[in-house]
*Asks:* 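Have a look at this one.
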Amino acid sequence: MVKYEIVIGLEVHVQLKTESKLFCGCSTEFGAEPNTHTCPVCEGLPGALPVLNKKAVEFAVRTALALNCRVNEYAKFDRKNYFYPDLPKNYQTSQKDMPFAEHGFLEIGEPGKSRNIGITRAHVEEDAGKLIHAGVSGQIGEAEESLVDLNRTGIPLLEIVSEPDIRSSAEAYEYLGSLKSILQYIGISDCDMEKGSLRCDANISLRPFGQKELNPKVEIKNLNSFKNVKDALDYETARQTACLDTGEKTYQETRLFTAEKGVTTQMRSKEEANDYRYFPEPDLVVNHITPAYIEEVKKGLVELPSARKKRFVERYKIPEYDAGVLTAAKATADYFERCTALHNGYKALSNLVMGELAGFLKATGKEITESPVTPENLVKLVKLMENNTVSSKIAKVVFEEMYKKGTDPEKIVKEKGLVQITDTNMINSIVEKVIANNIKSVEQYKAGKTEVLGFLVGQVMKESQGKANPGMANKVLKEKLQ
Ligand SMILES: [Zn+2]
C-alpha cells in the first residue's frame, strides 16, 4: 500500500564517446597504464589553456535533439570550484546557467498509457581523476596510502538531469533503460556502467498525496547498476515513509547506498550550490549554436528506439513485446533486420533471436555483433523448420551446433542425420513399436483416459530421437488407437 506520493528525479552522467578528452588531445582509451594519458592541460598546470572538443559539442546537441530538448543558442562553460586530490585544477569545468540543452522529455510506459518524464537540462563537463586507496579494504579510512590516476581527468561527460516527474522505483528503472537505449542508438556513449561510462545519482522525497510543495530531497549516491537504483529507491521509500508516519522531519542530505546490505546511510548534509563559487570560465569563449548547425546534426540522427519499435510492429507484424525486446539495443535490432532482409519468416526469426540466440550469447558472454551464428545461417535454419526438414525440437539441437561451430545448418542436419521423419511408413512402424511396449497406457487410453496420448506421443519422439514429425506422430497414434 503506497501511503505517500513518491517524487524521484535522476541525474545521469554519461561519458561521451570521443577519441580525445574535452579540452586537450589526450586519448580517452579505457584501461591504459595510470597517468599515461595526460598533458599540461588535464594535469592543470599553470598557463595551459583548454581547447573545446568539437565532437563533444556535436554529441551534446545530438542528445538534445533525441531527448526533445531545446538547444540553447548560446552555451558557456563555468568553473565549479572545490578541492579534492583527483582534481588538479581545483575546479571542474562544467556548465551552470547556460547549458547546451534544456526543457526536454523522455517517454516511458506502454503505448496508450505512456508518460513524459521531463528533462530539465543536459550539460557538458569534464570528469575528475581516479583515486586508488591502497590497502586491504580499498576504503579510504583504512588505506596506507592513496594514489591518483589522471587518465580520466578531463574526459567529457554529459550530465542529464530529469525533472522530479518519476513516481516509483519501477518508473526510474524504466527511464534509465530507455535513456541508455537512446544514448546507445545515437552513438554518443557506450553507457557501460561497469566501466563507469554511465553513472547515476537519484533524488527522492515523499509527500502526502495532494500536497503541492516538495519535502526536502535525499540524494543517493554509489548506485552501480539499474537494479541498485531501484533497490536504493525502495529502501528510501520505506525509510522516509516511517519518518513521515512518526512525524519525524526529513532534511536535505546525501546518502550512500551499500548494495550488499541494501541500505542507505548518511554521507553528509547537503551543501548549497553556491558553496562551489561558480564563475564563468574565462579561458573559453561562449559557444554560438546556430540553426544551420542544429540542422546539420539533425541529418546525422538515426531512427530512435521508440520509432523503430513501432515500425517493427507495423512492418513485421510481430507482437509489441517482441518489438520492444528486439529494439532495446541497436545491435540486436540491426541483426534482426539483416535477417528480415533475407527472409519473411518474421515471427520465427524473432523467436530465435530473442530465445536461443540471446540465451547462448548471455551464457558465453558474447555481444550480438560477435555472434557465431550469422543472419544468413539463422535464416537457413528457419527455412529448414518451415519446410519440415527439422522439427522445432531438433532445431534447438541444430542451433546449438551452429553456435558452437559457426557452421551452416544444412550441413549440420546432413552430417548428423537430423532430418525430420515425415515418411508415413517409418512413423507407422515406430508407432506400432511404442504401442507394443506401452500396453498399460494404451489400455488406459482406450478406457477413456485420453490425456495419456501426450505421453505416447512423447514416446514416439523419444524412439525416433526427436526426429518424428510431432503432428504426424499424433495423427498416426490416434488412428491406431481407435
Ligand atoms: Zn591532456
Side-chain angles (χ1 to χ4, degrees), residues 11-46 48-53 56 59-60 77-96 99-100 122-134 138-141 143 145-161 188-202 219-224 254 256-257 267-268 270-271 273 275-281 283-284:
E11 290 170 20
V12 173
H13 284 89
V14 288
Q15 181 181 328
L16 295 174
K17 218 160 86 179
T18 56
E19 298 272 316
S20 56
K21 292 185 181 180
L22 188 53
F23 300 119
C24 62
C26 291
S27 167
T28 55
E29 184 205 358
F30 180 80
E33 279 286 299
N35 298 309
T36 52
H37 294 165
T38 59
C39 73
V41 174
C42 55
E43 284 166 358
L45 299 187
L49 289 173
V51 178
L52 179 60
N53 186 328
F59 283 173
F77 285 91
D78 302 277
R79 290 186 179 184
K80 181 179 179 181
N81 298 278
Y82 67 96
F83 171 80
Y84 207 65
D86 61 8
L87 188 77
K89 295 191 295 187
N90 285 348
Y91 62 82
Q92 178 194 30
T93 306
S94 180
Q95 298 190 288
K96 187 171 183 275
F100 283 103
H123 68 259
V124 173
E125 62 187 25
E126 59 181 346
D127 206 348
K130 189 179 167 196
L131 285 175
I132 299 140
H133 305 298
Q139 303 288 315
I140 190 167
E145 55 184 358
S146 290
L147 304 161
V148 64
D149 176 8
L150 297 182
N151 282 352
R152 214 174 65 184
T153 311
I155 280 187
L157 302 176
L158 187 69
E159 178 171 344
I160 301 160
V161 183
I188 65 121
S189 177
D190 291 331
C191 297
D192 185 341
M193 281 188 112
E194 277 175 26
K195 288 183 184 170
S197 67
L198 189 152
R199 288 169 247 162
C200 175
D201 297 330
E219 182 175 0
I220 318 170
K221 289 195 176 286
N222 200 31
L223 301 167
N224 299 324
T254 302
L256 208 61
F257 181 64
M267 194 173 141
R268 56 172 182 255
K270 182 75 183 174
E271 65 277 7
D275 289 350
Y276 288 119
R277 297 189 300 117
Y278 276 99
F279 65 84
E281 168 61 67
D283 292 340
L284 289 163

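In this chain, numbering begins with 1 at the start of the sequence shown.
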*Asks:* Give a yes or no on whether the backbone of Lys96 and the side-chain of Asp78 come within a donor-acceptor separation of less than 3.5 Å.
*Replies:*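 A pair under 3.5 Å: yes.
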*Asks:* Which pair of non-hydrogen atoms, one from Glu29 and one from Ala32, has the smallest distance, and what is that distance?
*Replies:* OE1-CB, 4.2 Å
*Asks:* If you draw a 6.0 Å radius around CZ in Phe279, do more than 12 non-hydrogen atoms from other residues or ligands fall strictly inside?
*Replies:* yes
*Asks:* Could you tell me which non-hydrogen atom of Asp127 sits nearest to which non-hydrogen atom of Arg199, and how far apart they are?
*Replies:*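 Shortest heavy-atom contact: OD2-NH2, 2.6 Å.
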*Asks:* Please name all residues satisfying side-chain contact (heavy atoms from CB on, under 4.5 Å) with Asp283, sequence neighbours left out, ordered by chain then number.
*Replies:* Leu49, Pro50, Arg79, Glu281
*Asks:* Look at the side chain of Thr28 and the backbone N and O of Thr18, then say whether any donor-acceptor pair between them is shorter than 3.5 Å.
*Replies:*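 Confirmed, Thr28 side chain pairs with Thr18 backbone.
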*Asks:* May I ask you to decide if Arg277's main-chain N or O and Asn81's side chain share a donor-acceptor pair within less than 3.5 Å?
*Replies:*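 The answer is yes, because a donor-acceptor pair under 3.5 Å joins these two groups.
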*Asks:* Shortest non-hydrogen contact from Ala60 to Val124?
*Replies:*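 Heavy atoms only, the tightest pair is CB-CG2, 3.7 Å.
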*Asks:* Is a side-chain donor or acceptor of Asp201 paired with a backbone partner of Glu219 at a separation under 3.5 angstrom?
*Replies:* no
*Asks:* In Å, rounded to the nearest 0.5 Å, how long is the span from CE of Met267 to CG of Leu256?
*Replies:* 5.5 Å
*Asks:* About how many Å separate CG of Leu150 and CD1 of Ile155, when rounded to the nearest 0.5 Å?
*Replies:*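 Reported value, rounded in 0.5 Å steps: 11.0 Å.
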*Asks:* What's the shortest heavy-atom distance between Glu43 and Pro88, and which atoms?
*Replies:* O-CB, 3.2 Å
*Asks:* With heavy-atom distances below 4.5 Å as the criterion, would you say the side chains of Glu159 and Gln95 are in contact?
*Replies:*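 With C-beta onward as the side chain, the pair stays apart.
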*Asks:* Calculate, to the nearest 0.5 Å, the distance between atoms CD and CG belonging to Glu126 and Leu22 respectively.
*Replies:* 6.5 Å
*Asks:* Step by step, work out the side-chain contact (heavy atoms from CB on, under 4.5 Å) result for Leu198 and Ser189.
*Replies:* CA-CA 8 Å; Leu198 189 152; Ser189 177; 5.8 Å; no
*Asks:* side-chain contact (heavy atoms from CB on, under 4.5 Å) for Phe23 and Thr93? Distances and angles first, verdict last.
*Replies:* CA-CA 9 Å; Phe23 300 119; Thr93 306; 3.6 Å; yes
*Asks:* Keeping the roles fixed (side chain from Lys21, backbone from Thr153), state whether a donor-acceptor pair exists under 3.5 Å.
*Replies:* yes
*Asks:* Ignoring hydrogens and angles, state whether a donor on the side chain of Ser197 or Gln15 is under 3.5 Å from an acceptor on the partner side chain.
*Replies:* no
*Asks:* Is a donor on one side and an acceptor on the other found under 3.5 Å between the side chain of Asp149 and the backbone of Asn35?
*Replies:*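 A pair under 3.5 Å: yes.
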*Asks:* State the NE2-SG distance between His37 and Cys42, to the nearest 0.5 angstrom.
*Replies:*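 One gets 10.0 Å once the value is rounded to the nearest 0.5 Å.
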*Asks:* Could you tell me whether the side chain of Asp190 and the main chain of Lys17 form a donor-acceptor pair under 3.5 Å?
*Replies:*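 Side chain of Asp190 to backbone of Lys17: no pair is present.
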*Asks:* If only atom types and distance count, is the side chain of Asp86 paired as donor or acceptor with the main-chain N or O of Val148 below 3.5 Å?
*Replies:*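 Looks like no, no N/O pair under 3.5 Å.
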*Asks:* Tell me the closest heavy-atom pair linking Val41 and Cys24, and the distance in Å.
*Replies:*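 Smallest interatomic distance, heavy atoms only, reads CB-CB, 3.8 Å.
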*Asks:* Check whether any side-chain heavy atom of Leu131 lies under 4.5 Å from a side-chain heavy atom of Pro85, and answer yes or no.
*Replies:*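 Yes - at least one pair of side-chain heavy atoms lies under 4.5 Å apart.
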*Asks:* Is the backbone N or O of Lys80 less than 3.5 Å from a side-chain atom of Gln92, with the two atoms forming a donor-acceptor pair by type?
*Replies:* no
*Asks:* Are any non-hydrogen side-chain atoms of Val14 and Leu157 less than 4.5 angstrom apart?
*Replies:* no
*Asks:* Rounded to the nearest 0.5 Å, what separation is found between the NE2 atom of His133 and the CD atom of Glu145?
*Replies:* 12.0 Å
*Asks:* Could you tell me the separation between the SG atom of Cys200 and the NZ atom of Lys221, rounded to the nearest 0.5 Å?
*Replies:*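 The distance works out to 10.0 Å.
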